[in-house]
Structures are given as structure tokens and as C-alpha cells.
Protein chains: 2
Amino acid sequence: MTALSERSVPTVSSEELAAAAGVNSAKLRKDFSYLGSYGTRGVGYDVEYLVYQISRELGLTQDWPVVIVGIGNLGHALANYGGFASRGFRVAALLDADPAVVGSSAAGLPVRHMDELEEIVETQAVSIGVITTPPGAAQQVCDRLVEAGVTSILNFAPTVLTVPDGVDVRKVDLSIELQILAFHEQRKAGEEPDRGESVLDRAPGPVRAAAAKLRRAAGASAKRTDAKAEPEPAKGGPGQGPEGDLSAVMPA
Amino acid sequence: MTALSERSVPTVSSEELAAAAGVNSAKLRKDFSYLGSYGTRGVGYDVEYLVYQISRELGLTQDWPVVIVGIGNLGHALANYGGFASRGFRVAALLDADPAVVGSSAAGLPVRHMDELEEIVETQAVSIGVITTPPGAAQQVCDRLVEAGVTSILNFAPTVLTVPDGVDVRKVDLSIELQILAFHEQRKAGEEPDRGESVLDRAPGPVRAAAAKLRRAAGASAKRTDAKAEPEPAKGGPGQGPEGDLSAVMPA
DNA sequence: TAGATTGTTAATCGATTAACAATC
DNA sequence: TAGATTGTTAATCGATTAACAATC
């Protein structure tokens with residue numbers, strides 16, 4: 001949509017957009033309909049208007065002050081992250097508990113002491129906090145953020161946080177993405193014939209059960225039987241985004 | 001599972017595990033059944049055995065050498081990330097094109113020049129590459145990784161990469177997580193009565209259509225009507241993981 | 001008016017879950 | 001044997017998509 005807007009394309013049909021996005025046009029129309037009735041029959045969607053409406057719905061037109069707590073490499077990286085400003089995020093403050101770090105600067109902002117948290121959250125109306133501390137400090141920092149009035153937390157520490165009702169937490173685990181790649185990589189490589197498993201073990205119910213039964217009957221030395229190559233499931237294949245649950249990466 | 005293993009709990013039932021994970025026990029059993037028939041009726045699952053089988057299936061028991069290209073703050077942060085080693089990931093090399101960075105060290109490893117890429121990939125059998133370069137360099141680096149033989153790429157640069165068939169790409173956009181938080185935050189705050197929209201605009205088909213029709217008939221000054229508070233959909237509520245598509249964050 | 005395209009319904013498809021035979 | 005619990009089937013639920021009336 002942004003690309004179309006930059007090329008000054010005035011309108012776009014659900015069919016064109018769907019093709020560009022790789023989704024079904026009916027689904028796209030239905031999704032858009034949740035935002036309101038912003039298209040024109042026989043014409044399509046006004047690009048500028050739709051960009052604005054989607055931006056507004058997603059909260060991109062608002063100013064979102066955020067605090068980043070824990071200014072190590074990752075805190076630094078996030079403070080410098082280019083994508084934030086354009087989406088309405090503004091770094092209200094960088095905070096750290098380590099006196100050796102406090103007073104230094106990152107991305108043009110001074111690193112301030114944790115003790116200033118409460119005042120910053122209040123005066124700048126901060127509702128979103130980012131935790132980039134070591135795992136041991138994360139829950140404590142989280143409690144303090146919540147106490148100060150923050151109601152949304154983005155957690156990069158490898159710790160599952162406990163928060164009261166009404167507070168949202170999102171956890172980013174950088175190694176999960178690598179794990180998903182490794183999982184697919186492993187499948188690309190193909191399984192060794194005599195690792196005690198068969199490709200049939202991954203087939204749906206009845207086939208799998210039959211294969212397992214056969215193998216049990218034949219004893220542990222049973223060889224991999226000749227099976228048709230399983231086609232890659234549509235979901236697990238393309239797309240560069242995160243996948244929510246196992247069913248998206250597991251074979252059909 | 002790991003926690004149970006550490007407490008030397010010998011077996012666990014699908015019911016117990018499902019309760020702990022907050023999922024349905026039938027779904028859990030069905031998911032496990034894709035891995036094979038690893039439970040015992042009347043008893044449950046052997047904890048150690050299941051941990052091993054799941055680890056193996058996910059590729060956690062393998063050694064995965066990875067190269068990280070682009071050693072800025074984010075590259076540094078990833079090189080130091082603790083969660084990698086325990087999941088079988090090993091940083092085979094840190095690479096950068098900038099002579100000012102080459103020769104420095106991060107996480108105990110020397111930063112080497114991009115020109116060494118091909119040799120490293122070949123000699124260490126690297127199949128996974130991580131891109132933490134500026135956006136402008138990402139596609140070029142990606143092409144070179146693929147050319148060298150890398151078949152899985154984790155991309156932190158805000159660029160959609162084009163790769164040949166058979167190569168997997170996962171894109172991590174750190175600001176998307178913040179956007180999802182901001183989206184929920186906006187909804188928590190509640191909508192302004194006279195912003196020209198109604199909570200009914202978010203209701204499913206017929207209700208929405210009727211509301212829109214009424215508002216058109218009544219003109220632009222129509223006020224927000226009295227509507228029941230919409231209950232938070234199960235999917236959008238708890239959980240600290242990423243969500244794959246809009247249907248997970250949009251209201252029912 | 002004829003052609004195009006939306007917004008929505010109804011049909012289809014797939015995922016989740018209740019139920020239960022198998023079996024420890 | 002009686003109780004427990006798996007693995008799987010069949011029923012249910014929800015999401016996707018084809019189809020089309022509404023309408024520009």
C-alpha cells in the first residue's frame with residue numbers, strides 16, 4: 001500500500017492487492033470490512049484513504065513514548081533501530097541500574113538511572129516498556145514498570161514474566177526463529193534410513209499407525225520403506241514472518 | 001518438560017502437561033502422536049524419553065554452525081546471546097565488510113572480513129546465516145550467502161529478501177512486536193466517542209453493516225450507541241508469543 | 001447501460017476437541 | 001481385575017473462500 005501511495009496510484013482493487021500480498025481476495029475484502037466500508041464498488045479502494053485508515057486502526061498515527069530498560073548491546077541496538085520513529089514510537093528514555101553505564105549515551109540519548117523511571121513514566125505518559133536486561137533482573141524490572149504505570153511490556157530477556165491482569169506482555173526469543181530454521185534445515189537434509197524412524201512416522205493417523213505396527217512386528221531392524229515424497233505444506237513454506245504454533249511448521 | 005525432568009518426575013500425563021501449557025489435552029496427544037507413539041496407556045509419557053524425542057525432532061540435538069554478517073550493536077547482541085549454545089547453535093564466524101570493524105572482537109570471537117565467507121561456509125559446513133547489516137546491504141549479503149551454500153537465512157534487516165527455491169528466509173522485525181502492543185494499548189484506552197467511528201464498526205458482518213447504514217442515514221454527527229463491551233478473544237489475550245496473522249489480533 | 005468490483009452470504013475446508021476403544 | 005490414560009475417530013467449531021447481489 002505504501003509503495004502504491006508513493007507511486008501515486010489512486011485506487012487499487014482487492015484482486016490486485018491480494019495478488020501482491022499472496023492472499024485470497026475474498027479474505028482481504030473481508031478483513032478490510034472489519035475496519036469499515038472503505039471501498040467503492042466497481043472502482044476499488046482509494047489508496048491514500050486506505051493507508052490512513054489502516055494506519056489509524058493500527059495506532060501508527062499516534063505518538064508512543066517507550067522506555068528501554070537495560071542498555072547492553074541489545075538495548076543499544078534497539079535505541080538505534082530505524083524502524084521505530086516511522087511507526088510512531090519515540091524513545092522517551094534509556095534506563096539502566098548499573099552506575100558504570102548510567103551517564104553514557106546511546107543513539108544520542110543519555111542513559112539514566114532506574115530510579116528516574118517513575119518520574120519519566122508519569123511526566124511523559126509512557127505506557128510501553130522494553131526490557132533488555134539480563135534474565136535475572138527482568139521480573140524485578142517488570143514489576144517496577146507495572147508499578148510505575150506501564151501497561152504494555154516487550155520482553156527480550158529469556159524469562160517468562162508474571163504480570164497482573166490488564167498488562168500485556170510480548171516475549172521475543174531470538175533463538176526461536178533460529179530453531180525454526182534449523183527444524184526446516186533438518187528436514188531438507190532428509191532423514192537417515194536407519195535412525196529408527198521412518199518418513200511414515202510423519203504421515204497422518206492411519207498410515208502412521210499401520211507403519212508403526214509393521215515396524216514393531218518386524219523388530220527394531222526394520223528398514224525405511226519406500227514412501228512417496230511428502231509435498232511441502234503451503235503454510236510451512238514461503239513467507240518470512242513468525243509462525244504462532246507448531247501446526248504451522250509440522251508436516252500435514 | 002525440562003522443569004519436570006530437572007525435578008526427576010518420571011512420567012507425566014497428557015492431562016497434566018496440557019493443564020501446565022494451557023492447551024487441550026486431546027490436541028497435545030494428537031500433536032505428540034505426529035512424533036511417534038511415545039506414551040504408555042494407563043501410565044502417561046516418560047519424561048526423559050519425551051524430552052529427548054522432542055529435542056531430536058526439533059533439531060536441538062544437532063550442532064548448527066551459523067555465521068553472523070554485520071557486526072553492529074545487533075550483531076554484537078546476538079553473538080553474546082546466551083540462548084544459542086544450549087539449543088545447539090554455534091557461532092562459526094562473525095563477518096563484516098567494514099575494515100574498521102574487521103579485526104575487533106565480539107563475544108570472544110574475532111570479526112573477520114566478508115571475503116572469508118565462502119571458505120568458512122565450506123570448511124565448517126555452515127547452512128544457516130544471520131543478517132544484521134544495514135538494510136541497503138542485506139540483499140547483496142544474502143545473495144552471497146546463498147552462493148556460498150547457505151540454505152537458511154535469518155534476516156534482521158528491514159528488507160524483504162529474494163531468494164531462490166530451496167532457501168528458507170525468516171524475517172525478524174523488532175518493531176512489529178511493538179506495533180502489536182501499541183494496537184492493544186490503543187484498544188485498552190478505548191475509542192473517543194466522536195471520532196466518527198463506533199465500536200459497532202468492529203462487530204461481525206450483519207451488526208456492522210446495520211450500524212454503518214444507520215450512521216449514514218443519520219449523517220456524520222451520529223453518536224456512539226450503547227453497546228455491550230466486547231469480551232477479549234481468547235487468542236488475542238494471554239500468551240507471550242508472536243502472532244502470525246491479523247485474525248489473531250483483530251477482535252471477533 | 002455494460003462492466004467492474006465491493007461487501008456479504010453460504011459452502012467448503014481444515015483445525016480443535018469430545019468421546020471412546022485399546023491397552024497398560 | 002479395576003482404574004488410568006493413550007492414540008484415534010468422529011463431531012464440532014471456526015476460518016477460508018467461492019459465489020453473487022448490490023451498486024459504483
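Note on naming: letters A, B, ... go to the chains in the order of the sequence lines (proteins, then strands), and numbering restarts at 1 for each one.
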Any N/O pairs under 3.5 Å between the protein and nucleotides 12-14 of chain C? List them or say none.
none

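Taking the side chain of B:Arg29 as heavy atoms from C-beta on, and the options C:dA19, C:dG7, C:dA18, the nearest nucleotide is C:dA19. Looking at the side chain of B:Lys30, the nearest of the listed nucleotides C:dT16, D:dA18, D:dG7 is C:dT16. Proximity note for A:Lys27 (side chain, C-beta onward) versus D:dT16, C:dT8, D:dT6: the nearest is D:dT16.
For A:Asp46, the side chain to side chain donor-acceptor pair (under 3.5 Å) test picks out no residue, with sequence neighbours left out. Qualifying side-chain contact (heavy atoms from CB on, under 4.5 Å) partners for A:Pro135, counting only residues two or more places apart in sequence or in other chains: A:Pro158, A:Thr159. Looking at residues two or more places apart in sequence or on another chain, you find no side chain to side chain donor-acceptor pair (under 3.5 Å) involving A:Asn24. Applying the side chain to side chain donor-acceptor pair (under 3.5 Å) test to A:Thr151 and every residue at least two apart in sequence or in another chain returns B:Glu185. Residues forming a side chain to side chain donor-acceptor pair (under 3.5 Å) with B:Ser5 (at least two apart in sequence, or on another chain): B:Glu48. Under the rule for a side-chain contact (heavy atoms from CB on, under 4.5 Å), the partners of B:Thr11 that lie at least two apart in sequence or sit in another chain are B:Val43. When the salt bridge (charged side-chain N to carboxylate O under 4.0 Å, His left out) test is applied to B:Arg90, the partners found at least two apart in sequence or on another chain are B:Asp63. Every ring pair (Phe, Tyr, Trp, His ring centres under 6.0 Å) that B:Tyr49 has, sequence neighbours left out, goes to B:Tyr38.
A straight line from CG of A:Leu35 to P of C:dG7 spans 10 Å, rounded to a whole angstrom. The nearest whole Å value for the distance from the CD atom in A:Glu16 to the P atom in C:dA4 is 13 Å. Atom CD of B:Glu15 is separated from atom C1' of C:dC20 by 15 Å (rounded to the nearest Å). Between A:Asn24 atom CG and D:dA19 atom C1' the separation is 12 Å, expressed in whole Å. For the pair B:Tyr38 OH and C:dC24 P, the computed distance is 17 Å after rounding to whole Å. Atoms CG (B:Asp31) and P (D:dT8) sit 13 Å apart, rounded to a whole Å. Between the CZ atom of A:Phe32 and the P atom of C:dG7 there is a distance of 10 Å, rounded to whole Å.
At the phosphate of C:dG7, neither OP1 nor OP2 sits under 4.0 Å from any side-chain N or O atom of A:Ser33. Listed pair A:Ser14 / C:dT5 fails the phosphate criterion, with no side-chain N or O lying under 4.0 Å from OP1 or OP2.
Formation of a donor-acceptor pair under 3.5 Å by the B:Lys188 side chain with backbone atoms of A:Gly166 is found in this model. Judged by distance alone, the side chain of A:Gln62 and the main-chain N or O of A:Gly59 form no donor-acceptor pair under 3.5 Å.
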Only Watson-Crick and G-U wobble pairs with both distances less than 3.5 Å should count. Give DNA chain C in dot-bracket notation, marking inter-strand partners with |.
..||||||||||||||||||||||
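Among the atoms of the strands shown, none is found under 4.0 Å from any heavy atom of B:Ser25.
Proximity of residues 39-48 of chain A to DNA chain D (heavy atom under 4.0 angstrom from any strand atom) is restricted to A:Thr40, A:Arg41, A:Gly42.
For residues 10-33 of chain A, the ring pair (Phe, Tyr, Trp, His ring centres under 6.0 Å) pairs, not counting sequence neighbours, are A:Phe32-A:Tyr45.
Looking at B:Glu15 and B:Arg29, no side-chain N of the basic residue comes within less than 4.0 Å of a carboxylate O on the acidic one, giving no salt bridge.
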